[in-house]
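Residues: numbered from 1 along the sequence shown.
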Amino acid sequence: MTRVAAVQYAVGEDVGENLATALRMIERAVAEGAEVIVLPEFANHVSWYADRDHARRFAQTLDGAFVTALAAKAAEHGIHLMVNCTLLREDGRVRGSNILFGPDGTVLAVSDKQVLMGSERDHIDGAVDRVGVVDTAVGRLGLYSCMDGVIFETPRMLAVEGAQVLLNSLNSFALDEASLHVPVRAAENKVWVVAANKVGPLVPEHSIEKVASMVGVPVDRLHGAGESQIVAPDGTVVACSPRTGEAVVVADIDIALADDKSRPDGTDVIAARRPELYAALADEPVGRRAPAGAGEIRAAVLSPQDGDDIAALVAEAVGQGVDLVVLPELAAHANGLATGPASPALAPEALASMLEGTETLLVTSVLGASGAHVGIVVSAHGVQLTQPQLHRSVRHGDLPAADVAPDSPIVVHEAAWGRLAVVVGDDALYPETFRLAALADADVVAVPFTVAEPHDSDLMLLERAAENRLNLAVASRRHAEHGGGVLIGLSGDFTLWGAWENPFAGVISRPDPQHAQTAVEVAVLRPACAINRMVSRGTDVVDGRPWHLAGPLVSDASRIH
């Protein structure tokens with residue numbers, strides 16, 4: 001077991017005072033037995049500057065007093081320590097950099113922030129290259145910071161390269177960091193995450209009123225949101241600090257647990273990736289195609305239990321005049337298993353007849369002509385789209401691999417109300433799949449699925465909607481332990497530095513899910529909201545991905561470790 005610590009505290013404009021605070025908090029963590037310690041982002045200076053020259057004056061160097069004092073503290077206690085600060089790099093530019101010290105005080109790695117958030121673009125520059133996994137005496141560590149973890153690519157690259165523990169420094173006032181963006185990176189990659197956030201004002205007191213007005217965030221919300229945490233590979237938060245006040249949160253972790261990437265059926269979710277299909281993730285952004293979809297549609301997901309008459313549930317949903325109905329995967333087969341007998345009442349032709357006289361679209365999955373698992377979009381006129389499952393699943397046995405075009409693995413149906421994509425079965429476990437749907441300009445994604453782990457819906461699928469600005473309609477058979485389907489509609493309140501319909505309450509990108517409580521659950525989805533991907537000024541959650549550094553995501557090389 002290894003004891004790790006996430007440390008939270010406030011940072012001001014006095015670099016000397018900030019260093020003293022950091023050293024004092026490290027001593028607290030060491031006193032609690034921590035061997036690996038993570039400090040918050042921008043630990044040298046409050047993260048707001050008048051201009052680039054101002055930021056440059058307060059940037060640190062690797063041989064300067066701030067960094068060398070922290071190196072000496074790491075050596076004094078024989079710990080691994082990660083600190084983030086603005087750093088003057090070798091090319092003369094200032095970046096937000098994570099510095100990892102070894103137990104002898106040596107700098108083991110310096111990793112620059114890849115995705116800049118809003119006003120950070122005014123003061124510092126993003127990474128031009130990346131640092132991979134760092135092999136240490138305690139395990140394989142990956143470094144990233146704040147906005148790098150609000151979208152999946154940066155942590156995913158580290159996980160693909162074999163990281164066991166991800167160290168995340170944060171400088172965030174968003175409450176959805178702790179409730180979603182931090183723990184989901186553990187669950188989707190099956191790794192440990194140690195995340196340290198700030199408390200206190202994130203803008204100098206003399207400027208906070210002006211900045212609050214500019215950003216559209218109340219003054220009391222421009223404070224670090226705390227809730228520094230340690231998350232297990234299954235997404236469970238094993239330790240968390242309060243939202244306010246200095247804190248050291250520690251946990252004893254078994255790092256080797258992160259080497260098991262298997263789902264309950266035995267599928268290895270890292271080994272089963274299809275890098276050859278992900279090429280678009282490393283392509284230069286081209287922007288979102290217009291026009292946007294309809295303002296609102298009504299969608300229904302079916303969450304049947306064993307013994308339910310699925311055909312009757314379809315009729316009930318269609319009778320409510322919804323625009324979209326999503327059935328669980330392999331709904332026509334007994335218990336949703338490819339080995340079960342198929343129900344003629346749920347064959348595509350029968351489903352089309354149930355839609356006669358309506359504009360409703362229905363989505364489920366079937367065994368295609370080749371025996372492969374495919375999703376289908378059905379209208380009253382028949383099958384409108386066929387989408388193969390892209391990733392193999394152990395629970396599907398010997399179903400053949402999908403035969404898809406590598407340059408367009410996800411296709412979209414142009415509905416009257418917007419663009420509809422289908423993510424089939426366990427493709428929902430792979431963040432790359434939904435990113436491909438976003439890059440294909442989907443507004444709504446229908447997901448015929450089978451929920452099998454506790455955090456499939458409340459973390460992973462919720463994040464797929466948040467980080468891609470996609471409406472999701474997920475259908476799954478209901479299980480007592482893990483629930484059933486979920487409908488995730490986007491809100492128009494999204495972009496900071498812009499007008500919001502509702503008062504800002506601390507949540508930026510986390511949508512409000514509607515989990516299925518009945519066999520037929522109906523909710524409003526908002527295709528038009530998918531057009532807006534700008535989480536803050538200059539920061540697009542889709543086109544802001546670190547595409548130029550995404551080599552590990554599209555490489556055919558197997559996992560390093």
Does [X] have any side chain to side chain contact (heavy atoms under 4.5 Å, CB included) partners at least two apart in sequence or in another chain, and if so, which?
X    : value
A428 : V423, F434, V447, F449, L461
L62  : V67, L87, I99, V110
P218 : D220, R221, F504
T61  : D63, L88

Which pair of non-hydrogen atoms, one from [X] and one from [Y], has the smallest distance, and what is that distance?
X    : Y    : value
S491 : R469 : O-NH2, 3.1 Å
A473 : L487 : CB-CD2, 3.8 Å
I230 : A251 : CD1-N, 3.6 Å
V231 : A186 : CG1-CB, 3.6 Å
L175 : A505 : CD1-O, 3.6 Å
P511 : G489 : CB-O, 3.9 Å

What distance separates [X] [atom1] from [Y] [atom2], expressed to the nearest 0.5 Å?
X    : Y    : atom1 : atom2 : result
C146 : L170 : SG    : CG    : 4.5 Å
S97  : F42  : OG    : CZ    : 9.0 Å
C85  : F66  : SG    : CZ    : 5.5 Å
S145 : E41  : OG    : CD    : 4.5 Å
D458 : L180 : CG    : CG    : 9.0 Å
I255 : R140 : CD1   : CZ    : 9.5 Å

Side-chain ([X]) to main-chain ([Y]) donor-acceptor, under 3.5 angstrom:
X    : Y    : result
T106 : L108 : no
N468 : L470 : no
W500 : V217 : no
N471 : A465 : no
N44  : T86  : yes
T68  : G64  : yes
S207 : P204 : no
R52  : I124 : yes
D176 : S509 : yes
N189 : A159 : no

I want to check something: taking the side chain as every heavy atom from C-beta on, are [X] and [Y] in contact at a cut-off of under 4.5 Å?
X    : Y    : value
V107 : L100 : no
S172 : K198 : no
L166 : W192 : no
M147 : V541 : yes
Q8   : E227 : no
P40  : N197 : no
M82  : L141 : no
I488 : Q514 : no

### Any residue meeting ring-ring contact (aromatic ring centres under 6.0 Å, His included) with W547, in chain and number order, not counting sequence neighbours
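W547 satisfies ring-ring contact (aromatic ring centres under 6.0 Å, His included) with no residue once adjacent residues are dropped.
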### Query
ring-ring contact (aromatic ring centres under 6.0 Å, His included) with H548: which residues, sequence neighbours excluded?
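ring-ring contact (aromatic ring centres under 6.0 Å, His included) check on H548 returns nothing, list empty.
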Pairing donors with acceptors under 3.5 angstrom, does anything connect the side chains of [X] and [Y]?
X    : Y    : answer
E463 : H181 : yes
T495 : N532 : yes
S169 : N98  : yes

### Query
What pairs of residues pass the ring pair (Phe, Tyr, Trp, His ring centres under 6.0 Å) test when at least one of them lies in residues 104-152, not counting sequence neighbours?
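Residue pairs with at least one partner in residues 104-152: W48-H123, Y49-H123.
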### Task
Show the numbers, then the answer: is there a side-chain contact (heavy atoms from CB on, under 4.5 Å) between L202 and L222?
CA-CA 6 Å; L202 300 184; L222 279 179; 5.5 Å; no
### Task
Dump the intermediate steps for side-chain contact (heavy atoms from CB on, under 4.5 Å) on V83 and F101, then the final yes or no.
CA-CA 8 Å; V83 62; F101 301 101; 3.5 Å; yes
Identify each donor-acceptor pair in which a side-chain atom of residues 19-39 lies under 3.5 Å from a protein atom, sequence neighbours left out, and give them as a table.
unit_1, atom_1, unit_2, atom_2, d
T21, OG1, E17, O, 3.0
R24, NH1, E246, OE1, 2.9
R24, NH2, E246, OE2, 2.8
E27, OE1, H77, NE2, 3.2
E27, OE2, K73, NZ, 2.5
E27, OE2, H77, NE2, 3.0
E35, OE2, R3, N, 2.9

Sequence neighbours excluded, which residues qualify as salt bridge (Lys or Arg N to Asp or Glu O under 4.0 Å) partners of [X]?
X    : result
R545 : D543
E296 : R526
E120 : K113

Are the charged groups of [X] and [Y] less than 4.0 angstrom apart, N to O?
X    : Y    : result
R130 : D148 : no
D112 : R89  : yes
R156 : E432 : yes

### Task
Output every pair passing salt bridge (Lys or Arg N to Asp or Glu O under 4.0 Å) with a member in residues 433-442, not counting sequence neighbours, ordered by first then second residue.
E153-R435, R288-D441, R289-D441, D441-R533
#### Entry: Chi angles and distances behind the salt bridge (charged side-chain N to carboxylate O under 4.0 Å, His left out) call for K190, E453
CA-CA 12 Å; K190 295 190 176 293; E453 287 194 327; 3.3 Å; yes
### Task
For atom CD of E209, decide whether the heavy atoms of other residues, nucleotides or ligands shown that lie under 6.0 angstrom number more than 12.
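No, because the 6.0 Å sphere around CD of E209 holds 12 heavy atoms or fewer from other groups.
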### Task
For T539 and M534, run side-chain contact (heavy atoms from CB on, under 4.5 Å): C-alpha distance rounded to whole Å, both residues' side-chain angles, the deciding distance at 0.1 Å, then the answer.
CA-CA 6 Å; T539 305; M534 301 296 292; 5.7 Å; no
